[in-house]
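The basis for the numbers below is simple: all heavy atoms, side chains too, and nothing from hydrogens, waters or symmetry mates.
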Amino acid sequence: DAGITQSPRHKVTETGTPVTLRCHQTENHRYMYWYRQDPGHGLRLIHYSYGVKDTDKGEVSDGYSVSRSKTEDFLLTLESATSSQTSVYFCATWTGTYEQYFGPGTRLTVT
Amino acid sequence: AQSVTQLGSHVSVSEGALVLLRCNYSSSVPPYLFWYVQYPNQGLQLLLKYTSAATLVKGINGFEAEFKKSETSFHLTKPSAHMSDAAEYFCAVSEKTGANNLFFGTGTRLTVIP
């Protein structure tokens, strides 16, 4: 357990509204990641961060932005939510050795 | 580029029977390989990992996996299924360098029949 919390855990929002998901870690891990999980696709990387203010795009970054102003927090923003962004979002951290540790997930529904 | 293929989106086994979940990968360099398990409405938990040491890797809950370079496979096995093994299982491959981005398979849902 890498001390990862995600908020909110569930959210329903309307198309066109902005949404921000928060990931908070207590282990001081340098790397943090946002994934989305969809049936038939597994998990796909949205964005990742390799330090404060250092971020880069993943496989499915269109429509998403991220920010990391503190080591412990990594925010994922949907500027204008669409129904195709209905998904379960997972945050993860990496210690720098092998595996990544995952948070409990946020279930987002865009109506 | 890395990619992972998991054969069989759903696998059913009887309690006490052998569990075999298949994973094949493609990678331009020797990879790190992982199996994660996801119980309903939970995050992902690491079962085991291959990091280029022993090719037979033992994990938690009695699971193990064997790295076979010639077959580009990393299949997950457990000799005797338990009801508590019912979950979704994901195979993943990572780059060894840079940001360690993970590439996941599409998952296999394991059902254990009493």
Side-chain angles (χ1 to χ4, degrees), chain A residues 1-10 21 23-25 29-51 54-61 66 68 74 87-108, chain B residues 1-10 21-25 30-54 57 59-60 63 65 67 74 87-109:
Chain A
D1 184 0
I4 303 171
T5 56
Q6 294 184 231
S7 58
R9 292 294 313 280
H10 302 271
L21 308 182
C23 176
H24 179 79
Q25 58 134 336
H29 293 164
R30 179 183 172 194
Y31 283 82
M32 298 184 74
Y33 309 80
W34 277 108
Y35 294 87
R36 60 176 290 174
Q37 182 181 21
D38 304 290
H41 290 278
L43 280 80
R44 292 176 292 174
L45 182 66
I46 306 171
H47 281 279
Y48 66 94
S49 168
Y50 47 97
D54 293 321
T55 66
D56 205 347
K57 296 179 179 180
E59 180 186 358
V60 291
S61 60
V66 290
R68 191 168 179 201
F74 192 32
S87 186
V88 181
Y89 292 86
F90 286 99
C91 174
T93 67
W94 182 43
T95 63
T97 52
Y98 303 118
E99 67 267 31
Q100 294 181 13
Y101 296 92
F102 286 81
T106 293
R107 185 174 297 276
L108 176 68
Chain B
Q2 285 79 11
S3 68
V4 173
T5 301
Q6 290 184 241
L7 295 177
S9 58
H10 291 86
L21 305 183
R22 299 178 187 274
C23 173
N24 288 88
Y25 69 92
Y32 291 150
L33 292 159
F34 307 86
W35 276 100
Y36 283 88
V37 61
Q38 184 181 34
Y39 298 103
N41 299 311
Q42 295 187 26
L44 276 71
Q45 178 183 0
L46 182 71
L47 268 182
L48 49 78
K49 60 181 180 279
Y50 167 76
T51 60
S52 71
V57 180
I60 62 171
F63 285 93
F67 172 69
F74 191 56
E88 189 152 23
Y89 293 80
F90 293 94
C91 182
V93 62
S94 78
E95 307 163 342
K96 278 185 170 178
T97 59
N100 189 51
N101 293 340
L102 279 176
F103 297 87
F104 284 85
T106 53
T108 297
R109 183 168 299 280

Heavy atoms of A:F102 and B:L102 approach each other most closely as CZ-CD1, 4.2 Å

Under 4.5 Å heavy-atom distance to chain A, tell me which part of B:Q45 shows up: side chain, backbone, both or neither. neither

Holding to salt bridge (Lys or Arg N to Asp or Glu O under 4.0 Å), I want the full list of residues that pass it with A:D54, two or more places apart in sequence or in another chain. none

When B:Q6, B:Q38, B:Q42 are compared by non-hydrogen pairs under 4.5 Å with chain A, the top option: B:Q38

Can you tell me if CZ on A:R44 sees more than 12 non-hydrogen neighbours from other groups inside 6.0 Å? yes

Note: vs chain B, highest number of non-hydrogen pairs under 4.5 angstrom among A:H41, A:R30, A:Q6, A:R107 is A:H41

Could you please spell out the steps behind the side-chain contact (heavy atoms from CB on, under 4.5 Å) verdict for B:F104 and A:Q37? CA-CA 10 Å; B:F104 284 85; A:Q37 182 181 21; over 6 Å; no

Could you pull out the closest heavy-atom pair between B:Y36 and A:E99, with the gap in Å? OH-CB, 3.8 Å

Among all residues two or more places apart in sequence or in another chain, which pass the salt bridge (Lys or Arg N to Asp or Glu O under 4.0 Å) test with A:R68? none

Under 4.5 Å heavy-atom distance to chain B, tell me which part of A:L43 shows up: side chain, backbone, both or neither. both

Can you name the nearest heavy-atom pair linking B:F34 to A:Y98, along with the distance? CZ-O, 3.6 Å

Rounded to the nearest 0.5 angstrom, the OH-CG distance for A:Y35 and B:N101 is 6.0 Å

